[in-house]
Amino acid sequence: MKQRRGRHAGGIGSVLLCAIVAPGIASAAEKAGGGAPQGTIEELVVTAQKRAENVQDVPASISVLGGARIAAIHAIQLTDYATLAPGFQVDSGGAPGRTQLTLRGVSTGSGGSAAVGVYVDDAPVGSSSPFVQGNSFALDLMPYDVDRVEILRGPQGTLYGASTMGGLLKYVLKSPSLDQFQVQIGGDVAGIEGAGRIEAGARLAANIPLVEGKLSVRFSLYDESTPGYIDNALTGRKDENGLDQKGGRVSLLWAPADGTTVKLSAMLQDQNSKGVAAEAVDGQTLKPLFGDLTNSHIAAQPFRQTLDFYDATISHQMDWATLSSTTSYLGKNSKFVDDLTQIFGPLIPVFTAGAVAAGQTPVSTRLSIEKVTQEIRLTSPSHRTFEWLAGLFYTDEVGRDLETLHGLDLQGAAIPGLEPFAVFNEYSRYREFAVFGDATYRLNDAWDVTGGLRWARNWQTNRQDSFGPLVTPSSGGARSSQQVVTYMASTRYHFSKDAMAYLRIASGYRPGGPNLPFPGVPPTIGADRLVNYEAGLKSEFLDRKLLVDAAVFYIDWKDIQINAVTAGGFNYITNGGKAKSQGFELQSTLVAAPGLTLGGTLAFTDAKLTDNAPSIGGRSGDRLPLTPEWSGSLTADYRHAIRGDWTGAIGADYRYAGARTSLVASNPDSVRLPSYGVFGLTAELTNGRYTARLFLKNLTDERALLSTNSARGAAALAVSILQPRTFGLSLDAAF
């Protein structure tokens, strides 16, 4: 039985923070001293439609999480702020970057290409190909240099292209300032329930104008070390899931002439986890088998993801339009090990004729993506009777998926003739060219209509080689070419300057591709497509003290890409069946009193198959996986002047996700993951130059089960869990 460590620090921290928060329930304000009049909700500007505009004017369902909010709750991965945006579901495989994103229920489980796109500023950072597991390894960006996160719900195929059929996660990074010199330095320490050591982090950022008003550079560095808290009952290893996150960014901004800017950026990130945050539970009851925070496997299961991202953005403003060019390069590598000894270990004595009685069979995987993109667009000035946008997009992506099943003895040495046990080496290339645009016509001051269209053609190559004693050696390749058209139409009506209603129809898709030439396997995978019908209301009341955004939606999804298996055991992707998703999303903010802001979100999602899907064990009426029917959050922020220029803030948040299944409900291997609720508390003291924060994450030490790749009914399931109760102190200084 695991002995819980860190209780002393956690207990003292809880008492201290409760004493600080006792005068009221609140959380650090989104932006201290913002530009809005005191006691009103601050205006948020987004670039969701590839032009800067007030989020309340965008005819689509969008949430914005500011960098100040993310810093206040000490978020260092997506699971720290999942469900703060309505309907935003994050399923973690036990480490940052081993992550699957779901919006509006558009999911069939792990594998295949992504259904939610990920962008950094104006460039995509995910894979468009169905062959490098892009759906299970979304970019989990350490948010130190993030200005805000925009979460767009519903298909974004017209402006953002492939693999955004569920929506889009957009990281908007801080841009250099041409006239402000600033240096920020900070660090944090924290104790995690069950961990053997202290969490620690350090960060540095600077903005340096080189030629005032013309040229500046901004750079940032961070290094965050999170201790492990999972023990291994089988091997005796302690704290096996320690995590190190480090990286940096440099951005150069040049304004050679009025209306012309050039921005060059380079970003590196290295997330290195010694193991996954998972515990072994009973396959029926989901209760821990070997004690709290304890897993059981023989082979180590490290995970590492590295990112190299470079982009160049040029903007030239003319009287009649703005010309923009964005060029980017992405290099992304994921390396991880899964212990499959429980499945393939019993075959070792069979293949060695009893010479080796027992051993281990871990599978190591290397996923790599090299992606180059180029987008050029012309955008008309805003606030005109007729507005338009037109653009060209090109991407060239090379991917590799190398999976090696090892045959090792119990000491980790190679077994002659069985190492490697099986190797699958897959190479893919994806190229796409697209033309897109939209236009808005204002019928009068209150009413306008918008239409958008995107035509795209992709060319793909896929090749796989396999060998080893466990498989029949094979080698083969295939090519495909496909074209897809997506569209969008919307209309919005402003009842007043503070209230707007809209209707929106939008389509989205995931690219298909070539299948390898095996008997019984279709030669190509078709693109799966959906159409989203949406109605929404965005309004502010009580002199901008109350904001209410609501949307209802219905999604019709057809030709769903699903996994299938031939009689010989060969896995492939095919199209089959239909599904629908319907529901509503609500987000609201209330300035209840001077300095006190309350917020809440709520999402209801009813996502189901409408056809049988035998290859994934699905029946018509089954709920789609990874999506809770109900989810939501509550937040409270209180900020008050203390003395001089010092301000204090206290706060709380509660995040809830309902029960969901790992696969479609009728699949015999599907696991029902129970609902969970997580509390967080914060306290802050700042004078603008110096800031001290106390944070407490997962106040009640909830063992939230996030995901599993194991099968229901197995003797032991490995289930990824939310980070246990964490109490810490963060200090920052700005000069």
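Because the structure is a prediction, the values reported are computed rather than measured.
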Heavy-atom side-chain proximity of Glu540 to Leu547 below 4.5 angstrom | yes
Rounded to the nearest 0.5 angstrom, the CZ-CD1 distance for Phe181 and Ile208 is 5.5 Å
Please assess Asp140 against Arg98 for the test salt bridge (Lys or Arg N to Asp or Glu O under 4.0 Å), listing each intermediate value before the final yes or no.
-> CA-CA 8 Å; Asp140 199 334; Arg98 196 166 184 169; over 6 Å; no
Regarding Gln269 and Tyr222, is there a side-chain donor-to-acceptor distance under 3.5 Å anywhere?
-> yes
Tell me, do Ile192 and Gln723 make a side-chain contact under 4.5 Å, heavy atoms counted?
-> yes
Among pairs that include at least one residue of residues 43-85, which meet ring pair (Phe, Tyr, Trp, His ring centres under 6.0 Å), considering only residues two or more places apart or in two chains?
-> His74-Phe695
Could you please spell out the steps behind the side-chain hydrogen bond (donor to acceptor under 3.5 Å, both in side chains) verdict for Thr601 and Gln587?
-> CA-CA 4 Å; Thr601 68; Gln587 51 190 350; over 6 Å; no
Distance only, no hydrogens: is a donor on one side chain within 3.5 Å (strictly under) of an acceptor on the other, for Thr83 and Ser633?
-> no
The reported gap from OG1 in Thr682 to CD1 in Ile73 (rounded to nearest 0.5 angstrom) is 8.5 Å
Side chains of Thr40 and Arg544, donor plus acceptor under 3.5 Å | no
Taking the six-membered ring of Phe309 as reference, does the NZ or CZ atom of Lys332 fall below 6.0 Å from its centre and within a 45° cone about the axis?
-> no
Sub-4.5 Å side-chain heavy-atom contact between Pro96 and Leu243 = yes
Counting only heavy atoms not in Lys246, do more than 12 fall under 6.0 Å of its NZ?
-> no
Compare all side-chain heavy atoms of Asn272 with those of Asp270 and state whether any distance is below 4.5 angstrom.
-> yes
Verify whether one side chain among Asp549 and Gln56 offers a donor that lies under 3.5 Å from an acceptor in the other.
-> yes
With a cut-off of 6.0 Å (strictly less than), are more than 12 heavy atoms of other residues, nucleotides or ligands near CG of Asp244?
-> yes
To the nearest 0.5 Å, how far apart are CH2 in Trp630 and CG in Leu602?
-> 5.5 Å
Evaluation steps, side-chain hydrogen bond (donor to acceptor under 3.5 Å, both in side chains), between Lys170 and Thr47 = CA-CA 9 Å; Lys170 186 174 184 179; Thr47 55; 3.0 Å; yes
Distance-only side-chain donor-acceptor flag, Ser177 / Asp179, under 3.5 Å = yes
Pairwise distance CG(Leu268) to CG(Leu221) - rounded to 0.5 angstrom = 10.0 Å
For the rings on Phe336 and Phe137, is their centre-to-centre separation under 6.0 Å?
-> yes
State, yes or no, whether a side-chain contact exists between Leu546 and Leu590 at a heavy-atom distance under 4.5 Å.
-> yes
For Glu224, side-chain hydrogen bond (donor to acceptor under 3.5 Å, both in side chains) partners two or more places apart = none
Just grab all the salt bridge (Lys or Arg N to Asp or Glu O under 4.0 Å) pairs involving residues 70-82, residues at least two apart or on different chains.
-> Asp80-Lys697
